[in-house]
Amino acid sequence: MLLSPNRLTMLNIGLVVAVMCSTLFPVVGGAQQVLPAATPSDDAAAAAAIESLAKSRFKADEPGATIIATRNGKTVFRKAYGLADIAAKTPLKPDDVLRIGSVTKQFTAVGILMLADEGKLALGDDVSKYVPTFTSKSKPVTIEHLLTHTSGIPNFTDDAEYRINRGKLSSQAEVVARFKDLPLSFEPGSRWAYSNSGYFLLGMVIEKVSGKRYADFLAEKIFNPLGMENTAYEGFERSAKRRVEGYQDADGKFSIAQKIDMSVPFSAGAMVSTVDDLARWDAAITAGKLLKPETWKKAFTAYTLTDGKKTTYGYGWGIVKVQGKDAITHTGGIDGFASVATHVPGDKVFVAVLRNSIGGSSNHTDLATRTAAILVGRPMREFTEIKIAPNVFDAYVGRYELGPNFVLRVYREGNRFMTQATGQGPVEVFAETEDKFFLRVVEAQIKFVRSAAGKVESLVLFQGGREMPAKRLPDEPVVARKEVSLSAAQLDKLVGEYPLAVGFVLSVFRDGETLLARATGQGAFQLFAESEEKFFAKVADIRVEFKKDAAGNVTGLVLFQAGMETPAKKN
């Protein structure tokens, strides 16, 4: 019943409306804990440990995942769990084809870098040199800015128009038109902010410079030479093997994922692949194929901002740590599918997990990180979750300052406990004790600290061998809203169906003197009137404003939450 603050989701139960993202919770600072090697070095023992992890993550009668783990170029673990098709009860197989979402970005990045190595473009080139329809800005936006998510170009998948129209075939010009004239969010190179817009433009640059379609260029230059026959831009497959069905998980209730036309994500997230092909890709990277050694090194180096601070992203890869070991990774999420691919270069370890559902609580990123940790000999601690009452967590809700202009927001989303750091995506946390919580995407914990009077005044983030205290900031002002009473006749004018996206409808209906709203597949919540047109919810910071024509007829609404305005016409 609640809109998630995550711009990738719409209402509380986790219905994914727009993804193609990568959420990284980077290690803050440089000091790392040194852990003793505790995993048996032989492959059989490692495989058994991975199997023990994986089998608890997926159910046999639900969508699942394909998994591969390699060490020193040898496959240690390769298995599939769950169903490829729920209706037909078809089990997933390890060689099945799935969408990989934003893992696509590393192929786009390497395509650009290959052209740079050939001298056909320079990373410092202004993007408008190759994409004239992209309006030149006061500060040049370079190809490197696009590669590193430091361009300042607004992310078009955050826009309501994306959620509504992503199922429609779109030209490149139509997609670029959604963001080309928008002001930059910041001066290029000064900040990091994930932007699918930038990677969409990179695909256009590849086409302009190479003279080939994006799909053909990658097939000819990367996929065919490396034997990746089941990897392709969806719709341009070169093998007879087609991808499996993708599902939306809403608290364990699965439905076929909404349609998305791959012309929309394009070079930011339109690829399909298999775990076997991704392992071939990793082997080629390890062998230094396709690019010059110095280019590969640059791709895996965190970008330095204009103020000298480092980001946690290189060229198409996130720069992270796995139990103190340098690693590169990327996650992906797109309608019906979620993915993660992680490489630990120093140990020649690679893990890929491809999942044929999106939403819900299946932590494929946690599984991939823990699998990599086993293979590098530094297994992560397993935490035991306890259940606590939501009102206990409410005492911790607020903002905590980890550093200058770096705030960790703590909030509750229904019965889920969430955090979100400045410039990053939301991350769910789980109770270990009543005042200590752990993450599953990385090994990190948060402990809330009370004053002698019992008031929560700070927290400590434990990550990467460091303890990072964060003082609680003053609460943001709460807007007082005054309820007014409306007649049944006034409420009846508002009753109707309001599509927020393809296949995703907000139904507004009356129960006696009460106005209620319900999103597709979710529970109803009450709307309280501030006026004849403006309503609010009490379960979360949700506002709805109904729109009328000159004759006073209701024609649509706008849904406000988490800084987003989502319009919907009345059916």
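Side chains included, hydrogens not; waters and symmetry mates left out as well; all remaining heavy atoms used. The structure presented is a predicted model; accordingly, all values stated were derived computationally and were not measured.
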Just wondering, do Y400 and F448 contact through their side chains at under 4.5 Å, heavy atoms? yes
Looking at F134, I'd like to know if the NZ or CZ of K180 sits under 6.0 Å from its six-membered ring centre while staying within 45 degrees of the ring's axis. no
Main chain of G332, side chain of S102: is a donor-acceptor contact present, judged purely on distance under 3.5 Å? no
What's the verdict on side-chain hydrogen bond (donor to acceptor under 3.5 Å, both in side chains) for T66 and Y81, showing C-alpha distance, side-chain angles and the deciding distance? CA-CA 6 Å; T66 60; Y81 298 85; over 6 Å; no
Which of these passes side-chain contact (heavy atoms from CB on, under 4.5 Å) with I112: L146, I206, D117? I206
side-chain hydrogen bond (donor to acceptor under 3.5 Å, both in side chains) for Y130 and E207? Distances and angles first, verdict last. CA-CA 9 Å; Y130 305 102; E207 293 192 334; over 6 Å; no
Atom pair CZ (F383) and CZ (F430), whose distance is rounded to the nearest 0.5 Å: 12.0 Å
Would you check, one step at a time, whether the test side-chain contact (heavy atoms from CB on, under 4.5 Å) holds for I446 with V460? CA-CA 6 Å; I446 295 172; V460 180; over 6 Å; no
Of the non-hydrogen atoms in A327 and V322, which two are nearest, and what is the gap between them? CB-CG2, 3.7 Å
Would you find a donor on one side and an acceptor on the other, under 3.5 Å apart, between the side chain of S267 and the backbone of T108? no
Between D347 and K325, does any NZ, NE, NH1 or NH2 come within less than 4.0 Å of an OD or OE carboxylate oxygen? yes
Walk me through it: do I143 and L202 pass the test side-chain contact (heavy atoms from CB on, under 4.5 Å)? CA-CA 7 Å; I143 289 175; L202 288 174; 3.9 Å; yes
So how far is it from R355 CZ to F337 CZ, rounded to the nearest 0.5 Å? 11.5 Å
Between CE on residue M271 and CG on residue L278, distance to nearest 0.5 Å: 11.0 Å
Are the side chain of R378 and the backbone N or O of Q323 linked by a donor-acceptor pair below 3.5 Å? yes
Aromatic ring proximity, centroids under 6.0 angstrom, W317 and Y313: no
Would you call R166-D335 a salt bridge at under 4.0 Å N-O? yes
Parallel, tilted or perpendicular, judged at 30° and 60°: which one describes the rings of F266 and Y233? tilted
Let's go through N356 and Y247 carefully: what are the C-alpha distance in whole Å and the side-chain angles of both, what is the deciding distance for side-chain hydrogen bond (donor to acceptor under 3.5 Å, both in side chains) to 0.1 Å, and is it a yes or a no? CA-CA 6 Å; N356 69 325; Y247 294 87; 6.0 Å; no
T150 vs L305 side-chain heavy atoms within contact, under 4.5 Å: yes
Qualifying residues under salt bridge (Lys or Arg N to Asp or Glu O under 4.0 Å), relative to K348, sequence neighbours excluded: none
Side chains of M468 and F462: closer than 4.5 Å at any heavy-atom pair? no
Say whether, by atom type as modelled, one donor and one acceptor occur between the side chain of T329 and the main chain of A341 under 3.5 angstrom. yes
If I compare all heavy atoms of V344 with all of D326, which pair ends up nearest, and what's the gap? CG1-O, 3.5 Å
Report yes or no: do K310 and T304 form a side-chain donor-acceptor pair below 3.5 Å? yes
Give every residue pair that meets the side chain to side chain donor-acceptor pair (under 3.5 Å) criterion with at least one member in residues 269-285, sequence neighbours excluded. R78-D276, Q106-W281, T231-S273, T231-D277, D277-R280, D282-H343
When you compare the side chain of L290 with that of I222, does any pair of heavy atoms fall below 4.5 Å? yes
Heavy-atom closest pair (P154 atom, S195 atom, distance to 0.1 Å) is O-OG, 3.9 Å
Evaluate the criterion side-chain contact (heavy atoms from CB on, under 4.5 Å) for residue pair L226 and K289; output intermediate values, then yes/no. CA-CA 9 Å; L226 299 183; K289 296 182 179 180; 4.1 Å; yes
Could you go through the side-chain contact (heavy atoms from CB on, under 4.5 Å) check for I100 and L354 one step at a time? CA-CA 7 Å; I100 62 173; L354 304 183; 3.9 Å; yes
For the side chain of R99 and the backbone of G101, is there at least one donor-acceptor N/O pair under 3.5 Å apart? no
I'd like to know if R416 and E428 make a salt bridge, using a cut-off of under 4.0 Å between side-chain N and carboxylate O. yes
Is there a side-chain contact between F77 and I374 in this structure, where contact means two heavy atoms from C-beta onward sitting under 4.5 Å apart? no
Heavy-atom donor-acceptor pair, S190 side chain to E187 backbone, under 3.5 Å: yes
Could you tell me whether the side chain of K105 and the main chain of A268 form a donor-acceptor pair under 3.5 Å? yes
For N196 and T157, does a side-chain donor sit closer than 3.5 Å to a side-chain acceptor? yes
Within a radius of less than 6.0 Å around NZ of K298, do more than 12 heavy atoms belonging to other residues, nucleotides or ligands occur? no
Side-chain heavy atoms of M262 within contact of I334, under 4.5 Å: yes
Atom OG in S151, atom CD in E144: separation rounded to 0.5 Å? 12.0 Å
Indicate yes or no for a side-chain donor-acceptor contact from T142 to the backbone of H145 under 3.5 Å, with no hydrogens or angles considered. yes
Q445 CD to L459 CG distance, which is reported to the nearest 0.5 Å: 13.0 Å
Any non-hydrogen side-chain atom of Y199 less than 4.5 Å from a side-chain atom of P265? no
Enter the distance from L375:CG to T70:OG1 here, rounded to the nearest 0.5 Å. 8.0 Å
In plain terms, say whether E234 and R243 are close enough for a salt bridge, that is, a side-chain N and a carboxylate O under 4.0 Å apart. yes
On a heavy-atom basis, the closest approach of S197 and I153 is CB-CG2, 3.7 Å
Heavy-atom side-chain contact between T148 and W192 under 4.5 Å: no
If I compare all heavy atoms of L113 with all of A299, which pair ends up nearest, and what's the gap? CD1-CB, 4.0 Å
Keeping D126 on the side-chain end and S128 on the backbone end, is there a donor-acceptor pair under 3.5 Å? yes
Please determine if K221 forms a cation-pi arrangement with F107, meaning its NZ or CZ atom is less than 6.0 Å from the six-membered ring centre and no more than 45° off the ring axis. no
Looking at every non-hydrogen atom in both residues, tell me the closest pair between A65 and F58 and how far apart they are. CB-CZ, 3.5 Å
Main chain of Y303, side chain of T311: is a donor-acceptor contact present, judged purely on distance under 3.5 Å? yes
Pair D366 + R57, salt bridge at N-O below 4.0 Å: yes
